[in-house]
Each structure stands twice: as structure tokens, then as C-alpha cells.
There are 2 protein chains.
Amino acid sequence: MTVRAPRLSASERRAQLIDVGRRVFAKRGYEAASLEEIADEAKVSRPVVYEHFGGKEGLYAVVIDREMDVIVQRIAAAISGGSPRARVEAAALAFLTYVKEHPEGFAVLTHDAPVSTARGGMSSLLNDVAARVGDIFAASFKSAGYDPKAAPVYAHALVGMVTFVGQWWTETRRPSVEEVASHIAALAWMGLRHLPKRPTRLKSRPT
Amino acid sequence: MTVRAPRLSASERRAQLIDVGRRVFAKRGYEAASLEEIADEAKVSRPVVYEHFGGKEGLYAVVIDREMDVIVQRIAAAISGGSPRARVEAAALAFLTYVKEHPEGFAVLTHDAPVSTARGGMSSLLNDVAARVGDIFAASFKSAGYDPKAAPVYAHALVGMVTFVGQWWTETRRPSVEEVASHIAALAWMGLRHLPKRPTRLKSRPT
DNA sequence: CGTGTAACTTACGTTCGTGTAGGTACGCGT
DNA sequence: ACGCGTACCTACACGAACGTAAGTTACACG
């Protein structure tokens, strides 16, 4: 017969289900994932999942929440001190390190979220980050004689840089995150430092 | 009774269904979208969709294909001539203009694709683009004394910049795509021009 | 004015996934 | 050894989609 899996305590089972759930959501995305697959992989029947999380959305919410916490913590710690330049690099490194150590969590965050939730995991987080960065930029821009309206553009550009490279890195896993982070930071930093006061518009309008 | 919708020719209906399908896929993502909603919105019953596209995947494939064509065409045209610097800006502008004029198409491409397809719409396209850019960089890097291994990092960083800004722009729709493109191009260009030969590693390793 | 073809529909079978009701068995404490 | 609570399971009701079969309506054309 099918070998009976060992009985677990409530909190152990909970932890395990979060783990399995993250893996399955990472692989399939929210919609395509089924509680059945999750339950099977945890060697448990579906009602157990309902008991603990109330359903698919419940589990998903917990997974997302946990993952957000992890990544926010790391980035917050990274930008807590040092020169501006160092903070840029530290933030990139923190993000990439997260991607390296929690590939499944990262995958879950990048996948589509259910329609019900007010804008899914990553996009909301990244927009928050970008907005913050944008505010900082806007202040610096003002005092340096740049157009503050352009600040959000640069902020989002930076965030996009890091996230996209992160996604690519999960596939190649090379070069090391430290190298990648330093390259990205260099690109961003040098780009920002040598920004013209008012970028030259090269073409007026295409067709 | 429900008002009878006018009868359409095969090709007209086909075109209409592609249009509606794009809109619905953009709104819901592939998995969450239902043929029923698409058929309803087109004032037609479901079998019609099967007749024309063989099913959900078929319609989706056509929508994706069409959209890819559009965007590839535009970018190809944009980088066909001019100084390197001008090409960077033109490519960014072309992409952002596409985002502006085809927000639903862009949304479809960024959403998750069905698991069956070999890596969904956008990611595959962007990776292609990034790979091409990376090759060009690698060549330039070699002859300029930079580490060619870093080329893909910069390539992906650039692509990520543009796409993420594009996503953000769909929400704010300001400033104009021309301004945004010139800012992005400036950031990218200045960053690349002032790249140190070998980026200084600032921190050795965090805990 | 019939008649055939293309466009379209209603109706059904089937699968799959969610969520719940009620029962079983493991194992800890006394 | 004997409860007794907690972990867990089987079984079912339900609905949402997909996909198909067979019939029906509109319209062009001889």
C-alpha cells in the first residue's frame, strides 16, 4: 500500500505547506497551480490545506507575504548606511543575492497574481521601491539643477535594470552576483553622474 | 429577444476575434481568460472561436504572433540607421511608442503565457533582443579593452530599463514618450561611455 | 423561387478543480 | 490500557471551462 507519511504537528505541516506551495506556485503561476498538486506533493489530502489556510488564495497570500518580508528586509539592511554610491551597489547586490538564494520565491513574485488581489506581488513592491527612489532623486535633482520631472523615469529605469538582470541571472547563474551587482551599479552610477542637464532630443518625431 | 448581431464574413469575424481576444487576454492573462468571455464580447457563441482558431491556445498563439510582429518590425526599423547613440534612442523610442499605441498588446506580452508554449511571449523576445545587444557589446568591449564577459549583463540591464519604464509609463502616461526615451537613452549612453575598465568591488562580502 | 453553402446556434459530454461534511486513526497523558 | 483531542482521510456536491456533434438560419446565385 501507499506508505503512510509521518504525522506532523500543526506548525510543522504549516511550514511544509508554505514551502511546497511556493515551489508549485513558482512552477505554474497562481492560476495554473492546483491545490491538488500541492497537497499531493506534501503527501497530504486537500482538506488539510483548507484547514490551515482556508483555500488557495489564503496559501498564496501567506507565501507572498513571507517572500516580500524577506526581500524588503534585505534591501532595507543593504541601504541602511554608507556612501550613496555604496548604497546603490549594496541594494543591487542584496536583490541579486535574494534572487540567487530564493529562486522559487522570486519566481512566485514575478508570476501573475490572482485578479482579486490589488495588483500582485512584485509589481506593487517594485513600484513602491521605484517611487521611493524617485523621491530621493527628485530632491537631489532639484538641488543640482536637473528637471525633477525626470526623476521617476530614472528611478524606474534603475529598478527595471536590476530586476530584469535578476531574471536573466536565474537562468545563466553566471557571473557571480557580486560581479553583476558591481557592473550594474557602475552603469547606473556613471550614467547618473554624467547626465546632461537637459537630454538632447535627437529626432523630432518619427512618421 | 436578444438582438441578433449582424452576420460577418469569415475574415472579418477572424479579425474581430483577434481583437477581442487580445483585449481579454490583456485583462485577465492567459489562464484566467475564458473563451466564453471572448465569445460573449464578440456577440458570438463559443463554437465560432473553435472553428477559426481550434481553441484557446490557437487564438492566443495568433494574438501573440501578431503582436510580436508589430513590435519587432518597429524596433528593426528604428535601429536600421544612424549613429550608435541615435540607434539606442530610436530603439527606446520605438519600444515606448509601441507601448503607447498598443497598451493591450503590450499587456498580453507581459502577462504569463501557458505552460505548454516554450517560454511565453515577452520573455523570449526580450531575451533574444538582449542576446543580440549582448553580442554587439561583446565585440565593442573586446576592441575597447573591457571584459567581454560583462557584455550580457549590460545588455540585459538596458533591455530591463526600457521594459520596466514602459510598464510604468502605461500607468502614468507622462511625460511624453519622446522625453522618456531621450532620458533613458542618455542614462544608458552616459553610463556605458564612462564605464570603468574594471568596476571597483566596494564590499567584499556581506554576512 | 428554390437550393446549397457558409455562418452560426443550441445542447451535451467530460474533465478538472474548488470547497465541505462527516468519519477514522494516531499517539499523548494519566 | 484507555480515553480524548488533534491530525488526517474518503466521499461528495457543485460549478466553470473546454471541446464536439448535430441541427438551424441567413444569404447569394442560378
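The sequence lines fix the lettering, A, B, ..., with proteins before strands; numbering per chain opens at 1. Below, all heavy atoms of this structure are taken into account, side chains as well, without hydrogens, waters or symmetry copies.
- Relative ring orientation between Trp168(A) and His156(B) is described as parallel, the plane-to-plane angle staying below 30° on a 0-90° scale split at 30° and 60°.
- Rotation axes derived from the C1' atoms of the five outermost pairs at either end of the helix from dC1(C)-dG30(D) to dT30(C)-dA1(D) lie 10° apart, to the nearest 10°.
- Distance alone, capped at 3.5 Å, places no donor-acceptor pair between the Asp112(A) side chain and the His111(B) backbone.
- The separation between Glu31(A) atom CD and dC16(C) atom P is 18 Å, rounded to whole Å.
- Going from atom OH of Tyr50(B) over to atom P of dA17(D) covers 12 Å, rounded to whole Å.
- Here dT18(C) presents its P atom at 15 Å from CZ of Phe53(A), a figure rounded to the nearest Å.
- Side-chain contact check for Ile38(A) versus Phe25(A): some heavy-atom pair is nearer than 4.5 Å.
- Looking only at distances, a side-chain donor or acceptor of Lys56(A) sits under 3.5 Å from a matching main-chain atom of Glu31(A).
- Going from atom OH of Tyr30(B) over to atom P of dC18(D) covers 8 Å, rounded to whole Å.
- Computed from coordinates, the Arg46(A) CZ to dC12(D) P distance equals 13 Å when rounded to whole Å.
- Closest to the side chain of Leu35(A), from the set dC26(C), dC18(D), dT18(C), is dT18(C).
- Here Asp19(A) pairs with Arg22(A) in a salt bridge; the nearest charged N to carboxylate O distance falls below 4.0 Å.
- Note on Glu51(A): nothing from the nucleic acid sits closer than 4.0 angstrom, heavy atoms only.
- Nearest nucleotide to the side chain of Arg13(A), out of dA11(C), dC8(D), dC27(D): dC8(D).
- When distances run from any side-chain atom of Arg7(B) to the nucleotides dA26(D), dA25(C), dT9(C), the shortest one goes to dA26(D).
- Side chain of Arg173(B) to backbone of Lys100(B): a donor-acceptor contact under 3.5 angstrom is found.
- Across all strands shown, Ser34(B) has heavy atoms under 4.0 Å from sugar-phosphate atoms exclusively, and none from any base.
- Here the C1' atom of nucleotide dC9(D) and the CG atom of Asp40(A) are 13 Å apart, to the nearest Å.
- Rounded to a whole Å, the CD atom of Glu12(A) is 13 Å from the P atom of dG27(C).
- When rounded to the nearest whole Å, the span between CG of Leu59(A) and P of dG19(C) equals 11 Å.
- The nucleotide whose nearest atom lies closest to any side-chain atom of Pro47(B) is, among dT20(D), dG27(C), dG19(C), dT20(D).
- If you check every strand for non-hydrogen atoms under 4.0 Å, Val48(A) touches sugar and phosphate atoms only.
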> Run the side-chain contact (heavy atoms from CB on, under 4.5 Å) check on Val99(B) and Val177(B) step by step: do they pass?
Replying inline: CA-CA 9 Å; Val99(B) 169; Val177(B) 282; over 6 Å; no
